[in-house]
Amino acid sequence: MKKNIVLFPMLKYVVPADFETFLEEKAKKGYHIDKFGQFNFFHIKFIKEKPKTYRYVMDLNSFPNENYKNTYLDFGWELVGQISSCFIWRKEYDFIRPESFSDQESIIKRNKRVRNAIGATLFLLLLAFIIVIATIIYCGIIGRADKFPDLIFDAHILGLFSFYLFAMVNKIQKNIDKNS
C-alpha cells in the first residue's frame, strides 16, 4: 500500500476553496485521506487506492446544532474528520459536482471567519514581536548585550511568521473580494 504524506497542507492551502481543490485533485490521482483529525494541520497522510471523483467541503462551524451532521449524512456526505470547528466532508460523484449546503453568502462568511482567525493570530505575533524589540532595546540600555543573539533570533522568527500570516490574510481577502 503506497502512502503519500503532505506537510503543512493547511498553511499552503489557506483559502478553504483551495484546500478543497487540493483534496479533490489528490483523490482523482487515487490518493485518499487515511485519517483526518486534530494534528492534520501539520500533515495529512494519503493512501493510494483507486482514483475517485470526490467533492470535498471544508466547513467551519463553530457551533453546530444537533441536526448539522445528520443533514450532511442524510444527503450522502461522508464526514472525513474535523480539526477543532473545521469539518471536512466528501461526496463521491460521477458527472455533476454536488453542491454543499453553502450558498455564495455562506462561503464568503466562511472565508471571513478563516481570515479573522488568522488575523487574530497575526495580531498576537505582532504584539510578541513588539515586546521582543522592546526587550532588545531595554537590554541595550541596561548593558545586557549577552541576551541579543537569542532575542534577535526570536524577533526574526516572529517577523517571518507575521509576514507569512499577513500574506495569507491578504490572499483570503482577495478571494473574498473576488467572490463578493
* Asked: Under 3.5 Å, is there a donor-acceptor pair between the side chain of H32 and the main chain of K50?
  ->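 Yes.
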* To do: Would you check if the side chain of K91 reaches a backbone N or O of F75 as a donor-acceptor pair within less than 3.5 Å?
  =>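 Here the side-chain-to-backbone pair exists.
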So with a 6.0 Å cut-off around [atom1] of [X], is the heavy-atom count from everything else above 12?
X    : atom1 : result
F22  : CZ    : yes
F166 : CZ    : no
I96  : CD1   : no

What's the spacing between [X] [atom1] and [Y] [atom2] if we round to 0.5 Å?
X    : Y    : atom1 : atom2 : answer
Q173 : I176 : CD    : CD1   : 4.5 Å
L160 : L165 : CG    : CG    : 11.0 Å
I172 : D177 : CD1   : CG    : 12.0 Å
I152 : I157 : CD1   : CD1   : 13.0 Å
I136 : D154 : CD1   : CG    : 8.0 Å
W89  : Y72  : CH2   : OH    : 7.5 Å

* Less than 6.0 Å separating the ring centroids of F19 and Y56? ->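 No, the ring of F19 stays outside the 6.0 Å limit from the ring of Y56, centre to centre.
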Answer whether the closest heavy-atom distance between the side chains of [X] and [Y] falls below 4.5 Å.
X    : Y    : answer
I133 : F129 : yes
I33  : K26  : no
Y31  : E25  : no
M58  : C86  : yes
L79  : K69  : yes

Hydrophobic clustering (ILVMFWY, side-chain heavy atoms < 4.5 Å, transitive) - are [Y] and [X] grouped together?
X    : Y    : value
Y93  : V57  : no
F153 : F163 : no
I130 : L158 : no
F148 : I141 : yes

* **Derivation of the side chain to side chain contact (heavy atoms under 4.5 Å, CB included) call for R97 and E24** => CA-CA 11 Å; R97 187 172 187 250; E24 291 171 15; 2.8 Å; yes
* Step by step, would you call E20 with R55 a salt bridge (charged side-chain N to carboxylate O under 4.0 Å, His left out)? -> CA-CA 8 Å; E20 294 168 357; R55 164 68 155 106; 3.5 Å; yes
* Asked: Does the side chain to side chain contact (heavy atoms under 4.5 Å, CB included) test come out yes or no for I47 and K2, once each step is laid out?
  -> CA-CA 6 Å; I47 294 177; K2 189 175 178 183; over 6 Å; no
Taking every non-hydrogen atom, the tightest pair across [X] and [Y]:
X    : Y    : result
K147 : C139 : CB-SG, 4.0 Å
L73  : W77  : CD2-O, 3.4 Å
L122 : S162 : CD1-O, 3.2 Å

* Asked: What's in the same ILVMFWY side-chain cluster as L124, cut-off under 4.5 Å, chained through other members?
  ->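 Listed partners: F123.
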* **Residue pair Y68, D59: steps toward the side chain to side chain contact (heavy atoms under 4.5 Å, CB included) verdict** => CA-CA 11 Å; Y68 171 75; D59 192 18; 2.5 Å; yes
* Asked: Taking the six-membered ring of Y54, is the NZ or CZ of R90 close enough (under 6.0 Å from the centre) and on axis enough (within 45°)?
  ->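 Verdict for Y54: a cation-pi partner in R90.
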